[in-house]
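Reviewing the structure listed below.
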Amino acid sequence: MTAWEVKDYLSHLTSWEENEEENILSLCKASLNEITSMLKADADRADARIASAAAANAYYKLSLKRSFSSSQEEFTSFKAGDVSITQGNSQNRSEKILDKAEKLYNEALRSIIPLCQDNGFAFENVKIKVMP
């Protein structure tokens with residue numbers, strides 16, 4: 001799996017300006033590294049779910065970044081004669097996109113669970129001796 005493949009998956013989720021190409025590829029590399037660090041040693045690195053999860057991770061991070069940098073206009077209104085134009089709050093739209101991106105990322109993580117290391121722990125065969 002390469003960052004280019006992650007970028008290809010990401011292009012199906014969102015678009016970006018041509019001048020952002022380098023930053024997008026860097027984000028895809030970081031997301032891929034984050035996902036591959038969770039994988040088992042014997043996991044198939046060519047599994048498409050890995051690229052999908054890395055792209056979902058990149059999309060979530062990109063959405064988060066865009067939500068902070070978007071203009072937080074309350075309302076803009078323009079009226080010329082009988083024609084009026086009103087623009088709503090862009091913050092609500094950003095929050096909805098961010099919420100959907102987070103849900104997509106969580107679903108992608110669930111899909112790669114069989115490929116990931118188990119970092120949990122459990123207490124087994126614990127005997128408790130009660131002192132009188």
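- Here the CZ-CG distance, from R66 to L62, works out to 4.0 Å after rounding to the nearest 0.5 Å.
- The distance from atom OG of S52 to atom CG of L109, rounded to the nearest 0.5 Å, is 10.0 Å.
- The distance from atom NZ of K29 to atom NZ of K7, rounded to the nearest 0.5 Å, is 10.5 Å.
- Contact annotation: the side chain of E5 approaches that of T2 to within less than 4.5 Å [non-hydrogen atoms, C-beta and beyond].
- Rounding to the nearest 0.5 Å places OG of S63 at 9.0 Å from CG of L104.
- With hydrophobic clusters built from ILVMFWY side chains whose heavy atoms lie under 4.5 angstrom apart, M38 shares a cluster with Y60.
- Cluster membership for L27 and L13, using ILVMFWY side-chain heavy atoms within less than 4.5 angstrom, is shared.
- In this structure, NZ on K100 lies 8.5 Å from OH on Y59, to the nearest 0.5 angstrom.
- The hydrophobic cluster containing I50 also contains Y105, counting ILVMFWY residues as joined when their side-chain heavy atoms lie under 4.5 angstrom apart, directly or transitively.
- L39 places a side-chain heavy atom less than 4.5 Å from the side chain of R45.
- Residues L25 and I35 do not share a hydrophobic cluster, defined by chaining ILVMFWY side chains whose heavy atoms lie under 4.5 Å apart.
- Residues A56 and A108 approach most closely at CB-CB, 3.8 Å, considering heavy atoms.
- Put simply, CD on E107 and CD1 on I112 are 12.5 Å apart, with the number rounded to the nearest 0.5 Å.
- The two residues L98 and S67 have their closest heavy-atom pair at CD2-OG, 4.1 Å.
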*Might you work through the side chain to side chain contact (heavy atoms under 4.5 Å, CB included) test for N57 and K61, ending with a clear yes or no?*
CA-CA 6 Å; N57 184 352; K61 289 178 180 182; 3.0 Å; yes
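- The backbone N or O of E17 lies less than 3.5 Å from a partner atom in the side chain of E20, making a donor-acceptor pair.
- The pair D42-K40 does not meet the salt-bridge criterion, since no charged nitrogen lies less than 4.0 angstrom from a carboxylate oxygen.
- Criterion: ILVMFWY side-chain heavy atoms under 4.5 Å apart, direct or through other members. Under it, V6 and L115 are part of a common hydrophobic cluster.
- In this structure, A3 and L32 approach most closely via the heavy-atom pair N-CD2, 3.7 Å.
- When every heavy atom of L10 is checked against every heavy atom of C28, the shortest pair comes out as CD2-SG, 3.8 Å.
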